[in-house]
Amino acid sequence: AHQLVPLGAYGPSVHAAFAVALLTGLNILGTQQSKRTQVAFTFLALLAVTTVIVAGWIGSGEIPVPAATEPGDAPRATLGSLGMGMVFVLLTYGGWNEAAYLSAELHDPRRNLSRVLLLGTAVVVALYVFANLGFLAIFGLDGLRNVEAVGAELMLIVAGPASAVLLSLLVCCTALSTMNGTILTGARVYFALGRDVPRLRGLGTWNEQGATPVHALLLQGGITLLLVLAGALSAGSGISTMVAYISPVFWLFMLLTGLALFVLRHREPGRELPFRVPLYPFTPILFCLSCAGLLYSSARYAGAGALVGLVVLLAGLPLRFLASKPARTA
């Protein structure tokens, strides 16, 4: 967006803040409006990725692209560097689990939730793999190392400046699709917190007219704008700051979720559940080991930034004590 409409030194953050405010307002207006917008954005996102895939394969082998680095300059691949790389790669898949946040509003969740998760993840994996094959076909591995906006650069090479602008617009729609989906699902977490903690019951307010948690959306939007501001004022790039802040906490929670499965199975062995884990206990063990490895790698990448995220996490402990205490009645 900043490449299309430059807004000064803090332009990317201004674009981000405007998008957060606009999409939060849309979700407050109503779930149906947000859902229709999400469908449109998702279609444009699929169109953008498909365009990149086709352009990559059409242009491969026809246009010579010089390597960005000299032979021998490439960093040596190690287990540690693989883990660090996977922190960013898996961040792109980080929303695979968020459909579960909408399970209470999903028709026949026992049957449809697993289908949504599996089908959605399979489609995204296929699109990403083919898109990256297209990038490799055009730029090669050396060329990719120094390309900033890889999709726009690819279209510029294959079809000229006008197509690069068009793809940049589609990429903006892709980003807005991710943001809107996260706003829609994330607010349900705040809403559940308001339902579970009596002292925070204001977050559990549900607007029947729009079928949306208004107070939860407002709080989420405010926190997000603070994070955008923190990214704008950070010494490095905003995205690197956010990855350092979020990733260790993200993988810690994923690890705890996997471990909780073993605990709950042990505590309630005979309880009938709507979902069963296939190949138990091997799949959750593999999941937990992967999360532990990514937690270590993300903490190494984040350095002191990991501590900031964990401090904010620990600041939520008082809420745990509030949840265990009954609220006073007048």
Side-chain angles (χ1 to χ4, degrees), residues 1-31 33-35 37-38 41 45 88 91-92 94-95 98 101-102 168-169 171-194 197 200-207 210-250 253 298 302 304-316 318-319:
H2 183 59
Q3 289 179 353
L4 294 171
V5 184
L7 295 176
Y10 297 106
S13 298
V14 174
H15 282 292
F18 178 75
V20 169
L22 181 66
L23 292 175
T24 297
L26 176 68
N27 278 268
I28 289 174
L29 187 62
T31 297
Q33 290 86 337
S34 177
K35 185 180 76 171
T37 303
Q38 186 64 25
F41 279 151
F88 286 90
L91 188 66
T92 64
E98 293 192 9
Y101 302 165
L102 300 173
S168 293
L169 288 171
V171 169
C172 289
C173 291
T174 304
L176 292 171
S177 171
T178 301
M179 293 174 67
N180 187 63
T182 304
I183 290 170
L184 175 69
T185 57
R188 269 63 181 176
V189 177
Y190 293 91
F191 173 75
L193 181 66
V197 182
L200 299 176
R201 58 181 174 270
L203 291 176
T205 302
W206 187 265
N207 182 359
T212 185
V214 175
H215 293 173
L217 283 163
L218 289 172
L219 177 63
Q220 177 181 251
I223 293 174
T224 307
L225 290 174
L226 287 176
L227 291 175
V228 171
L229 178 63
L233 299 179
S234 63
S237 70
I239 186 64
S240 297
T241 302
M242 290 297 100
V243 170
Y245 171 81
I246 292 169
S247 291
V249 176
F250 177 85
F253 265 103
S298 59
L307 295 177
V308 175
L310 292 174
V311 166
V312 173
L313 174 63
L314 292 174
L319 293 179

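Keep in mind that the numbers below use all heavy atoms, side chains included, and drop hydrogens, waters and symmetry copies. The chain is numbered in sequence order, starting from 1.
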Please name the residue in the list Leu184, Ile183, Thr37 that meets the side chain to side chain contact (heavy atoms under 4.5 Å, CB included) test with Leu26. Thr37

Can a donor-acceptor pair be found between the side chains of Thr212 and Asn207 at a distance below 3.5 Å? no

Point-to-point distance, once rounded to the nearest 0.5 Å, from CG of Asn180 to OG1 of Thr185: 9.5 Å

Which heavy-atom pair separates Pro213 from Trp206 by the least distance, and what is that distance? CD-CZ3, 3.6 Å

Between Gln38 and Gly181, the two heavy atoms sitting closest are OE1-N, 3.2 Å

Return the CG to CZ distance between Leu193 and Arg201, rounded to the nearest 0.5 Å. 13.5 Å

Nearest heavy-atom neighbours spanning Ala216 and Phe191: CB-N, 3.8 Å

Quick one: does any side-chain atom of Thr24 pair with a main-chain N or O of Ala21 as donor and acceptor, under 3.5 Å? no

Distance from Phe18 atom CZ to Leu23 atom CG, nearest 0.5 Å? 9.0 Å

For Gly202 and His215, work out which heavy atoms get closest and say how close. O-ND1, 2.8 Å

Quick check for you: to the nearest 0.5 Å, what is the distance between Tyr190 atom OH and Leu203 atom CG? 9.0 Å

So CG of Asn27 and CG of Leu22: to nearest 0.5 Å the spacing works out to 10.0 Å

Heavy-atom closest pair, residues Leu7 and His15: CD1-NE2, 3.5 Å

Ignoring hydrogens, what is the shortest heavy-atom contact between Thr174 and Ala45? Give both atom names and the distance. OG1-CA, 3.4 Å

Between NE2 on residue His2 and OH on residue Tyr10, distance to nearest 0.5 Å: 12.0 Å

